[in-house]
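Structure first, commentary second.
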2 protein chains.
Amino acid sequence: MNIENSIISEIFKDIAFSKKEENLIENKLKKLNLKKGVTILKADDKVISQYYVYNGCLRTYFIDKSGKEHTLQFAINDWWISDYTAFFTTTKAVMYIETIEEATIYKISKKSMEDLFIEIPQLETFFRKKMEKAFASFQKRILASLAQSAKERYVSFISTYPNIEQSVKNYHIASYLGITTETLSRIRKEISLN
Amino acid sequence: MNIENSIISEIFKDIAFSKKEENLIENKLKKLNLKKGVTILKADDKVISQYYVYNGCLRTYFIDKSGKEHTLQFAINDWWISDYTAFFTTTKAVMYIETIEEATIYKISKKSMEDLFIEIPQLETFFRKKMEKAFASFQKRILASLAQSAKERYVSFISTYPNIEQSVKNYHIASYLGITTETLSRIRKEISLN
DNA sequence: TGATTTTATTGACATACATCAATTTTCAGT
DNA sequence: ACTGAAAATTGATGTATGTCAATAAAATCA
């Protein structure tokens, strides 16, 4: 097994591929090494790809009409990221995606995915399950925004994503939680006093 | 085409089935006539079905630790409803589902769906697309909760779902928007004055 | 290591929305 | 149509979180 193929089995952990299948996938994935602060998708772009994060950290965010940024998603090692709403419906992006840290990612186009699904049906199942998890996490987030205080959401965030907390600034976390950096700072102080 | 089969083509509008396929589906769907105020799913139940709403109105809601209800989703004519997070991951429900109005719905089990997918692959595509739309609407809702005021969210709700507004109480809408009935009432007054 | 920029904290004050209690309005059943 | 219950509204007041301005701390880089 060469280096490229080992990345395939790392990405699609629970699937056993034949040599031929691995090569098929390998040809569809494009590796990108990105510096910190690089924007790989902008609002109004056509969204034809999704990205696997090998290492580093990225985020998707939305800029509202007053110019404020709102973080929808972070992605670190072994996460997939895109503007999925646009990706699925073949509409223009509403989100931005940028690297928060230097990152290595693998890009795959929608067309490539469709081709692969025909050859390797297990891949369709793989992505469907990813999708279902993303859906569940969105639902959890909506319920949290309805039922929890800012402090509760912060505590829940850092315990659910301890690895993300290390890679992102507090103002990123604040924009994910829907609060200001000042409020987050006060919440952190309050917690540290307990 | 008999009555039962015409419901099949109503539910799966864009798919053309053979007579045999229609009968196959028909045997998996169970019709339920429900009075107003009936709970068809409770937190901690095993979730093995989803429901197609033929008419009437239902909602899924969550009860938080302080006992408050938070509405996640409404469903009227031609919508599907379930606790999808639990449905997909085969975990216990966290949501409740109840009829808000007298309703006729069709129930289908996960097992039946899996069987049908093997016989009629187009159905898998049909449900995948439903799923993608639900995902997109969840994303939109998260962004709204991050970026919009209660008033903006209410205005957006009534223009996006004018048909739902007719079937539900204001306190249901309030619990969907994450505000109190009093605040909703004041928002409504403010709008009526404009 | 020191200088500069970026990020986080703090204080004073403003505001959106919640809470509680009292009515008023609407709806449902007889 | 009448009556009681459910839903919506209103007012007074409280609270969580936002805003703005200043400063402190941390990170970056020459």
Side-chain angles (χ1 to χ4, degrees), chain A residues 35-38 56-57 59 61 63-71 74 98-102 144-158 164-194, chain B residues 35-38 56-57 59 61 63-71 74 98-103 142 144-158 164-194:
Chain A
K35 293 251 175 277
K36 178 179 173 173
V38 175
C57 184
R59 68 167 184 142
Y61 62 97
I63 300 184
D64 71 24
K65 56 184 193 306
S66 76
K68 270 187 206 138
E69 294 182 3
H70 304 277
T71 300
F74 296 110
E98 69 171 13
T99 53
I100 288 181
E101 277 181 342
E102 193 173 2
S145 82
L146 293 173
Q148 296 184 298
S149 69
K151 183 178 173 183
E152 288 170 320
R153 280 178 278 136
Y154 174 66
V155 168
S156 165
F157 176 81
I158 56 174
I164 288 179
E165 200 207 353
Q166 295 162 11
S167 297
V168 307
K169 301 295 177 191
N170 282 340
Y171 62 78
H172 288 135
I173 297 177
S175 88
Y176 176 93
L177 296 174
I179 58 179
T180 59
T181 60
E182 293 93 333
T183 294
L184 178 54
S185 177
R186 287 174 188 121
I187 288 170
R188 286 162 53 79
K189 186 180 185 183
E190 204 190 328
I191 289 171
S192 73
L193 297 177
N194 294 345
Chain B
K35 294 252 174 278
K36 178 178 171 173
V38 175
C57 185
R59 68 166 182 141
Y61 63 97
I63 301 184
D64 71 24
K65 57 185 190 304
S66 75
K68 271 187 206 141
E69 293 182 4
H70 304 276
T71 300
F74 295 111
E98 68 171 14
T99 54
I100 288 181
E101 277 181 342
E102 195 174 359
I142 292 170
S145 81
L146 293 174
Q148 296 184 300
S149 69
K151 184 179 174 183
E152 288 169 320
R153 280 178 279 137
Y154 174 66
V155 168
S156 165
F157 176 80
I158 56 176
I164 288 179
E165 199 206 353
Q166 295 161 11
S167 298
V168 306
K169 303 294 178 192
N170 282 341
Y171 62 76
H172 289 136
I173 298 177
S175 88
Y176 176 93
L177 295 174
I179 58 179
T180 59
T181 59
E182 293 94 332
T183 295
L184 178 54
S185 177
R186 288 176 185 117
I187 288 170
R188 286 161 55 80
K189 186 180 186 184
E190 202 191 328
I191 289 172
S192 74
L193 298 177
N194 292 347

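Just so we're on the same page: letters track the sequence lines, and every chain starts at 1. Note that the structure is predicted; figures quoted are calculated from it, not measured. Just the heavy atoms: all of them, side chains too, but no hydrogens, waters or symmetry mates, feed the values below.
Note: CD (E182(B)) to C1' (dC17(C)) measures 10 Å, nearest angstrom. One interatomic measurement links the two molecules: NZ of K189(B) to C1' of dT24(C), which rounds to 13 Å at whole-angstrom precision. If you measure from atom NZ of K36(B) to atom P of dC27(C), you get 10 Å, rounded to the nearest angstrom. Rounded to a whole Å, the NZ atom of K169(A) is 12 Å from the P atom of dA26(D). Y171(B) has its OH atom 18 Å from the P atom of dA18(C), to the nearest Å. For the pair I100(B) CD1 and dA28(C) P, the interatomic distance rounds to 14 Å; values are reported in whole Å. Rounded to whole Å, the distance from OH on Y154(A) to C1' on dT17(D) is 17 Å. Taking atom CG of L184(B) as the reference point, atom C1' of dT10(D) lies 14 Å away to the nearest angstrom.
In this structure, Y176(A) and F157(A) have tilted ring planes: the angle between them lies in the 30° to 60° band.
Here T183(B) reaches the OP1 or OP2 of dA18(C): one of its side-chain N or O atoms lies under 4.0 Å away. For N170(A), no side-chain nitrogen or oxygen approaches OP1 or OP2 of dT7(C) to under 4.0 Å.
Although no hydrogens or angles enter the test, the distance criterion places a donor-acceptor pair under 3.5 Å between the side chain of T99(B) and the main chain of G37(B). Side-chain atoms of R59(B) do not come within 3.5 Å of backbone N or O of T71(B) as any donor-acceptor pair. Side-chain N or O atoms of Q148(A) include none that pairs as donor or acceptor with a backbone N or O of S145(A) at under 3.5 Å.
Checked against dA8(D), dT17(D), dA18(C), the side chain of I179(B) finds its nearest nucleotide in dA18(C). For T180(B), taking side-chain heavy atoms from C-beta onward, the closest of the listed nucleotides dT19(C), dT17(D), dT9(C) is dT19(C). Of the listed nucleotides (dG11(D), dT17(D), dC17(C)), dG11(D) has the atom at the smallest distance from the side chain of R186(B).
Contact annotation for K68(B): backbone-only contact, meaning every heavy-atom pair under 4.0 Å involves sugar-phosphate atoms and none involves a base.
Under 3.5 Å, the side chain of R188(A) and the base of dT7(C) form no donor-acceptor pair of N or O atoms.
For the pair H70(A) and Y61(A), the minimum side-chain heavy-atom distance is 4.5 Å or more.
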